[in-house]
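Report on one structure; see the data block that follows.
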Amino acid sequence: MRSTGIRRTLVALGVGALALTACGSDGDDAADGTTRITVNCMPPKSAKVDRQFFEEEIAAFEKKNPDIDVVPHDAFPCQDPKTFDAKLAGGQMEDVFYTYFTDARHVVDIGQAADLTPYVKELRSYGTVQQQLRDIYTVDGKIYGIPRTGYSMGLIYNRALFEKAGLDPDRPPATWDEVRTAAKKIAALGDGVVGYADYSAQNQGGWHFTAELYSQGGDVVSADGKKATVDTPEGRAVLRTLHDMRWKDESMGSKQLLVINDAQQMMGSGKLGMYLAAPDNIPILVKEKGAEYQDIAIAPMPGGKATLVGGDGYMFNKKATPEQIRAGLAWLDHMFLTPGDGFLGDYARAKQHDAPVGLPEPRLFTGAADARDQQVKQANANVPVENYQAFLDGNQKLEMKIEPPHAQQLYSVLDGVVSAVLTKEDADIDQLLKDASGKIDGILARS
């Protein structure tokens, strides 16, 4: 699932309409020795500052690499699920193309990805990227993609409401029992305030059920990807907590079948205590929904077991030549994988244009590279970084788990389970999970 809609490149800015251009690999190596590569996910013209930054970085890269010609294609979203497979099958995909983490295996399975293994040693930053993110693009020991950003889910909460409810905003809930207790106290403030909100429509309920199941130590499918594993004590614990918060505590409000925008609107207006999201929600709450940075904080996923992670990266067209692969890797190094610099990492430039600097993610690197990136980020921070420290510290102790295979189909099934629990007080949790398990088994068997 996409955390806020586009895995925002610079979250401060809006974006416009999708522009798709036929652009399959031509194997372009000009007579003068120049290697030409097409790349996608360029911000559209409507995102003026983002596009300016992108163009500046391409110009700087080409100045340093005069033998490489980069031809960018703009798009919003960077990957449209309605056209992605058609572009792959029709040979229209760029030489270097954007993918969500959940698409990596699919692109490899249908034979549309170039094997980068012989070339990745030339990517000087590759060894600094977090191993669990690199593993996402590694299939059967071969490397097929390069991570660009990563996110993990956490508990966003309103510090002002915590204080009003007599809760310590510097000690956010660490367990689901503590979430329930805090939500009840916040809802008791009245005046339309809701303690905790959760999604239950448009597949987003299934997405959050998965995140909550991970946090309890459970999983949606078995390790071999063949059987459902939702009809378990962990699955029942997730639904029982939601049921009791909704019906016994009345801390989730009466309006249900919510989606991400509903929770953001409630939080931005000061009427919501907590909801699950990634850190990239924070600037949206401030710039689009009316919240103040000092009031919004994020904690790690309650439960202490694991958190759902997602993100994106780039893969290479199977028709790309060795020269294009090398050129594309050099471009990725410059654009996205240089700590404290490049399109996403030039924090001083971002600050000058009033983009938020200091959010706890994405955190792509490890070791000295991470230290460098964090140093530059902190030096240019313009948001209250202390509000995110609990999230950073807590995430070090959690297992990072990617979304399940066939995620959207599974989320559709689980949506019905969550919506039933939140809209029917007498919902039969055991039967709901049993039925969902059978449907998921059917989806997995057909894959």
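The basis for the numbers below is simple: all heavy atoms, side chains too, and nothing from hydrogens, waters or symmetry mates.
Salt-bridge check for R51 with E56: failed, with every basic side-chain N at 4.0 Å or more from each acidic carboxylate O. A salt bridge does not link K226 to D441: none of the charged side-chain nitrogens sits closer than 4.0 Å to a carboxylate oxygen. Using a 4.0 Å cut-off between charged nitrogen and carboxylate oxygen, D244 and R240 count as a salt-bridge pair. Salt-bridge check for D295 with R159: failed, with every basic side-chain N at 4.0 Å or more from each acidic carboxylate O. A salt bridge does not link E250 with R246: none of the charged nitrogens is closer than 4.0 Å to a carboxylate oxygen.
For the pair I429/V417, no side-chain contact is recorded, criterion being any heavy-atom separation below 4.5 Å from C-beta on. Between F162 and I186 there is a side-chain heavy-atom pair separated by less than 4.5 Å. Under the 4.5 Å side-chain criterion, counting only non-hydrogen atoms from C-beta, V194 is not in contact with S251. Under the 4.5 Å side-chain criterion, counting only non-hydrogen atoms from C-beta, Q265 is not in contact with K271. Looking at heavy atoms from C-beta onward, I284 lies in side-chain contact with Q264 at the 4.5 angstrom threshold.
Relative ring orientation between F84 and F97 is described as tilted, the plane-to-plane angle lying within the 30° to 60° band. Between W176 and Y196, the angle of the ring planes goes over 60°, which puts this pair in the perpendicular group of the 30/60° scheme. Aromatic ring orientation, Y98 versus Y100: perpendicular (interplanar angle above 60°, classes split at 30° and 60°).
The shortest non-hydrogen separation linking T149 to P362 is CB-CB, 4.0 Å.
Both cation-pi conditions hold for R134 and Y126: the charged atom is under 6.0 angstrom from the six-membered ring centre and inside a 45 degree cone around its axis.
A donor and an acceptor atom, one from each side chain of D341 and H334, are nowhere located under 3.5 Å apart.
A 6.0 Å sphere centred on NZ of K401 holds more than 12 heavy atoms belonging to other residues, nucleotides or ligands.
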